[in-house]
Amino acid sequence: MKYNKIITLVFGLALLPAIANAQEKVERNVLSISPFEFFNQTFQLGYERMLNEENNGLVINVGITASNLYDDKQMGIKGDIQYRFYFKKNNIEEYRTSRIMIFTGPYLAYKYLDREFREYYYDNNTDPNQPIYTEPVELIRKSQINSGGAGVLFGLRLVMFEKVNIDTFLGGGVKFTDVNSNSKTQNYVYDITDPEYSGVYPKAGFTVGIKF
């Protein structure tokens with residue numbers, strides 16, 4: 001099944017640092033996890049390859065979304081690619097074991113989501129002797145949502161003991177979404193957190209990583 005391949009991809013991502021370091025002694029790889037993504041019912045891993053003496057970095061994030069909340073079921077994948085420019089490094093005053101790295105860079109993102117939830121609609125009654133609308137009809141709405149986008153990020157990295165990386169970033173860009181659904185009603189997008197939203201979109205994140 002396609003989700004078995006996705007799971008294999010995520011765990012393969014976790015092995016990339018070990019494979020890379022088998023061929024070199026310099027620690028240029030970072031494996032990270034996104035704690036706040038758990039609140040979005042998503043498990044996300046990230047891999048970064050440091051380049052040009054830590055002046056640049058190529059980041060790949062892959063996540064799996066799975067949830068079954070009340071009548072709303074979701075299953076999908078998400079990922080993004082970032083190319084970072086680290087343009088400032090400082091030792092934190094009086095703490096030589098830590099330093100700060102400020103970064104910026106573009107990103108590309110993609111998300112696919114299978115979603116099912118219960119909705120109700122009114123079926124028009126064409127019989128003139130009956131009310132215009134009948135009782136509401138229940139439907140299990142099934143949607144396949146594809147979205148992609150691009151933008152720019154700005155962030156801060158705290159490096160501790162040259163091993164632990166804590167990243168916080170904020171930025172945004174444009175998101176385009178395509179929805180294939182069996183819905184009988186007009187699709188309403190209520191806010192930017194709706195998976196079916198298209199338009200200008202903020203992006204923020206927090207990750208904790210280990211350098212290898």
Side-chain angles (χ1 to χ4, degrees), residues 1-16 30-49 57-84 103-119 139-155 167-183 185-209:
M1 296 177 63
K2 62 181 180 180
Y3 291 113
N4 291 335
K5 296 180 180 180
I6 295 168
I7 294 172
T8 301
L9 175 63
V10 172
F11 283 100
L13 182 65
L15 295 177
L16 283 176
V30 179
L31 181 66
S32 63
I33 192 169
S34 303
F36 289 161
E37 286 293 338
F38 290 117
F39 294 100
N40 296 322
Q41 297 83 49
T42 300
F43 174 73
Q44 179 173 300
L45 285 177
Y47 169 72
E48 179 176 7
R49 176 69 172 180
L58 178 64
V59 181
I60 301 173
N61 294 307
V62 177
I64 298 175
T65 299
S67 69
N68 186 355
L69 300 174
Y70 302 104
D71 293 327
D72 193 341
K73 299 179 182 179
Q74 300 185 52
M75 184 72 180
I77 61 171
K78 63 182 294 186
D80 66 68
I81 298 176
Q82 307 170 17
Y83 191 83
R84 296 180 176 181
F103 63 86
T104 186
Y107 73 86
L108 295 173
Y110 172 77
K111 184 175 184 178
Y112 172 81
L113 192 66
D114 281 326
R115 189 182 186 192
E116 295 183 12
F117 62 92
R118 194 183 311 274
E119 74 173 13
L139 172 71
I140 301 299
R141 177 181 173 181
K142 298 181 180 181
S143 303
Q144 295 79 45
I145 306 169
N146 284 279
S147 62
V152 179
L153 297 175
F154 300 90
D167 291 1
T168 303
F169 57 84
L170 181 65
V174 180
K175 175 185 174 184
F176 301 96
T177 304
D178 177 69
V179 181
N180 183 12
S181 171
N182 67 339
S183 177
T185 62
Q186 182 177 354
N187 293 335
Y188 291 100
V189 178
Y190 295 100
D191 54 50
I192 60 175
T193 63
D194 193 310
E196 299 180 13
Y197 171 81
S198 291
V200 176
Y201 190 76
K203 184 175 176 66
F206 174 83
T207 64
V208 179

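As the structure is a computational prediction, the values presented were derived from the model and not from experiment. Below, each value reflects all heavy atoms present in this structure, side chains not excepted, and no hydrogens, waters or symmetry copies. Count residues from 1 along the sequence.
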Minimum heavy-atom distance [X]-[Y], with the two atoms named:
{"X": "G173", "Y": "Y107", "result": "N-OH, 3.6 Å"}
{"X": "I192", "Y": "Y201", "result": "O-CE1, 3.1 Å"}
{"X": "T65", "Y": "N40", "result": "CG2-O, 4.1 Å"}
{"X": "P195", "Y": "I145", "result": "O-CG2, 3.5 Å"}
{"X": "Y197", "Y": "V200", "result": "OH-O, 2.7 Å"}

* **K203 atom NZ, over 12 foreign heavy atoms within 6.0 Å** =>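 Above 12, so yes.
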
Just verifying a value: how many Å separate [X] [atom1] and [Y] [atom2], rounded to the nearest 0.5 Å?
{"X": "E196", "Y": "D178", "atom1": "CD", "atom2": "CG", "result": "10.5 Å"}
{"X": "L58", "Y": "Y83", "atom1": "CG", "atom2": "OH", "result": "7.5 Å"}
{"X": "F154", "Y": "R84", "atom1": "CZ", "atom2": "CZ", "result": "13.0 Å"}
{"X": "Q41", "Y": "N68", "atom1": "CD", "atom2": "CG", "result": "10.5 Å"}
{"X": "E48", "Y": "L31", "atom1": "CD", "atom2": "CG", "result": "11.0 Å"}

* **Any side-chain donor near an acceptor of the partner, T207 and S34, under 3.5 Å** =>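 There is no such pair (donor and acceptor under 3.5 Å, judged by atom type) between the side chains of T207 and S34.
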
* Asked: Among side-chain atoms of D80 and N61, is any donor-acceptor pair under 3.5 angstrom?
  ->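 There is such a pair between these side chains.
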
* Asked: Between Q44 and I33, is a side-chain contact (heavy atoms from CB on, under 4.5 Å) present by the stated rule, with each step listed?
  -> CA-CA 6 Å; Q44 179 173 300; I33 192 169; over 6 Å; no

Donor-acceptor pair, side chain of [X] and main chain of [Y], under 3.5 angstrom:
{"X": "S181", "Y": "V179", "result": "no"}
{"X": "S67", "Y": "K73", "result": "no"}
{"X": "N182", "Y": "K142", "result": "yes"}
{"X": "T177", "Y": "S147", "result": "no"}

* Show the numbers, then the answer: is there a side-chain contact (heavy atoms from CB on, under 4.5 Å) between F43 and F38? => CA-CA 6 Å; F43 174 73; F38 290 117; 3.7 Å; yes

* Asked: If we only count heavy atoms from C-beta on, is the D72 to E116 side-chain gap below 4.5 Å?
  ->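 D72 does not reach E116 side chain to side chain.
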
* Asked: Would you say the side chain of F169 lies within less than 4.5 Å of the side chain of T104, judging by non-hydrogen atoms?
  ->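 T104 vs F169: side chains apart.
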
* Under the side-chain contact (heavy atoms from CB on, under 4.5 Å) criterion, do I77 and V62 qualify, and how do the steps go? -> CA-CA 7 Å; I77 61 171; V62 177; over 6 Å; no

* Run the numbers on Q144 and D114 for side-chain contact (heavy atoms from CB on, under 4.5 Å), then give the verdict. => CA-CA 5 Å; Q144 295 79 45; D114 281 326; 3.4 Å; yes

